[in-house]
Amino acid sequence: MAAALPLLTLRHVDVPPNFEAWRTLAREALMRGDAPETIDFRDATVAAPQSLISTSSELRVVPTERKAYVSALFLEKARVVAAHRDPQRWNLLFRLLYRLQSNRNLLKIEVDADVSAMLRMEQQVRRDIHKMHAFVRFRSMMDQHGEHMIAWYNPEHRILELAAPFFAERFAVMRWSIFTPDASVAWDPLVKQLQFGPGAGRESAPAEDEMEELWKTYYSGIFNPARLNPSVMRSHMPVKYWGQLPEVALIPTLIQSAGERVNEMVQLQTSKPSAAPFVPERHSLPALREAMPGCRGCDLYKCATQVVPGAGGAHAPLMLVGEQPGDQEDLEGKPFVGPAGKLLRKALEEIHVTSKEVFMTNAVKHFKFTQRGKRRMHQSPRMSEITACKPWLLAEIDAVKPKLIVCLGASAAKSLLGGTFALMRDRGKVLSTPFAEHVMATVHPSAVLRAPDHAMREQLFHHLRDDLASALQFVRRAA
Ligand code: URA
Ligand code: SF4
């Protein structure tokens with residue numbers, strides 16, 4: 001029967017869902033002289049009826065002497081339109097490409113049906129990309145390599161490849177992955193390349209998705225019921241996007257049982273230490289100072305004299321984050337009052353910072369030490385302690401809203417810039433993270449004090465002072 005239909009020789013070409021694949025196939029068709037009415041580019045992701053003519057390999061032998069014309073503008077737009085889910089996009093693009101051969105000004109004719117269809121699709125895809133940039137929410141997870149930011153997102157179109165470079169640039173120093181139903185992408189700050197992989201599968205709707213379950217468990221573990229405020233949540237995020245956020249599924253249950261959950265939370269931290277249940281809803285500095293002594297988020301409160309909250313300008317544009325209070329800070333309850341603090345203050349004096357311009361705090365709020373006779377020897381906090389204490393730091397950031405945060409040393413950098421951050425390589429650079437718009441790291445004043453010789457000490461001090469100077473310049477310029 002098929003042989004009786006020779007007049008209907010429509011050539012069917014299955015196109016995998018990526019622009020380069022279509023481009024190769026379209027170029028071949030153009031070279032063969034196929035007219036748009038004689039060829040059907042089918043979306044290989046859409047179940048299609050059996051074709052009358054298959055694309056056998058000999059049909060794809062191509063004379064090479066003819067040269068196809070493509071403009072940069074067409075390529076730019078076609079690349080975007082290729083991400084659209086409309087199965088007819090490949091045929092539309094081929095029609096345009098074909099017509100472009102005899103009319104190089106075609107794309108300027110906006111009233112043309114094909115051109116206007118392309119522009120409409122382009123705009124829909126671009127809008128979807130913007131939306132993704134605005135609404136992807138990363139969640140911090142710990143795996144064997146440390147912190148890993150993970151996001152799930154369900155875009156309208158196949159935009160992951162187009163949208164991903166934005167995140168690579170913005171969160172260059174963090175380890176992160178984004179999963180969508182069609183594809184996933186991972187970024188490792190050490191490899192510095194976007195790695196695309198398979199999607200989480202459209203058939204596994206977010207609600208049933210295994211990863212969703214993981215998030216739910218995780219979120220119910222760190223979710224702070226005391227801070228639960230649906231109206232604030234709603235004002236931050238239009239309700240129609242709530243479906244994108246896995247924790248939203250939990251909200252009704254959390255609202256219902258907020259009271260009981262507080263106790264459960266406290267229990268839960270034995271398995272996952274976190275200050276989250278102790279951080280008050282209101283992130284004003286006085287509220288944080290009042291609540292902080294009650295923190296049992298990890299074991300460090302047990303041996304320390306007292307908690308040491310941040311101090312300084314309440315709306316300081318510059319926030320300095322150290323590691324943890326030292327011996328003297330622990331006794332006085334104020335940050336940076338010991339030897340390292342004196343050195344830091346000297347560096348700040350040299351660059352003429354006013355006291356209103358800085359807020360000083362630490363990644364961990366309790367002093368960690370080992371007793372050696374009468375002396376208490378500083379001990380570096382573990383990653384789990386830094387992570388446990390992070391909600392306090394984030395709350396202080398939220399209260400002060402600094403323009404730039406400077407991490408002093410590796411511990412603070414681990415808290416805000418991830419475990420793989422290379423301090424000596426990337427110090428002094430203004431970076432972006434999901435926690436704060438602008439973050440920089442530099443050497444810790446204690447590292448200056450510990451330097452083995454005078455020359456080294458001078459050099460490290462200059463690093464510290466110069467990085468602080470460029471940080472100050474940054475915030476003053478932004479003012
Ligand atoms: N070192 C820090 O990291 N923080 C302080 O508060 C004091 C010394
Ligand atoms: Fe809480 Fe931080 Fe102290 Fe641990 S170190 S008890 S998390 S304030």
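Only this structure's heavy atoms are used, side chains among them; waters, hydrogens and symmetry mates stay out. Counting starts at 1 for both ligands and their atoms, in listed order. Note that the structure is a prediction, hence the values are computed from the model and not measured. Along the sequence shown, residues are numbered consecutively beginning with 1.
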I need the nearest protein heavy-atom contact for atom 2 (C) of ligand 1: residue, atom name and distance, please.
Gln324 O, 3.0 Å

For a ring pair (Phe, Tyr, Trp, His ring centres under 6.0 Å) check, start with the C-alpha distance between His133 and Phe167, then their side-chain angles and the critical distance, and finish with the verdict.
CA-CA 8 Å; His133 289 165; Phe167 297 102; 5.4 Å; yes

Check: residues 406-415 side-chain donor-acceptor pairs under 3.5 Å, at least two apart:
residue : atom : partner : partner atom : Å
Ser411  : OG   : Glu323  : OE2          : 2.8

Kindly give the heavy-atom pair with the smallest separation between Pro155 and Arg85, and that separation in Å.
O-NH2, 3.8 Å

Within the 2.8 Å cut-off the protein N, O or S neighbours of atom 2 (Fe) of ligand 2 are Cys389 SG

Does an N or O anywhere in Glu323 fall below 3.5 Å from an N or O of ligand 1?
yes

Can you report which non-hydrogen protein atom sits closest to atom 4 (N) of ligand 1, along with the distance?
Asn362 OD1, 2.6 Å

Give the numbers and elements of all ligand 1 atoms closer than 4.0 Å to a heavy atom of His444.
1 (N), 2 (C), 3 (O)

Note: Arg345-Glu349 ion pair, threshold 4.0 Å (strictly below)
no

Taking the side chain from Glu385 and the backbone from Arg382, do they hold a donor-acceptor pair closer than 3.5 Å?
yes

Contact partition for Glu329 relative to ligand 1, non-hydrogen atoms under 4.0 Å:
side chain

Show the numbers, then the answer: is there a side-chain hydrogen bond (donor to acceptor under 3.5 Å, both in side chains) between Gln124 and Arg120?
CA-CA 6 Å; Gln124 286 165 345; Arg120 195 175 54 244; 5.3 Å; no

Asp182/Arg158 salt bridge by N-O under 4.0 Å criterion
yes

Determine whether more than 12 heavy atoms belonging to other residues, nucleotides or ligands lie under 6.0 Å from atom CD of Glu290.
no

Looking at Glu357 and Arg476, does any basic side-chain N land under 4.0 Å from a carboxylate oxygen?
yes

Can you sort out which atoms of ligand 1 are near Gly322, meaning under 4.0 Å from one of its heavy atoms?
3 (O)

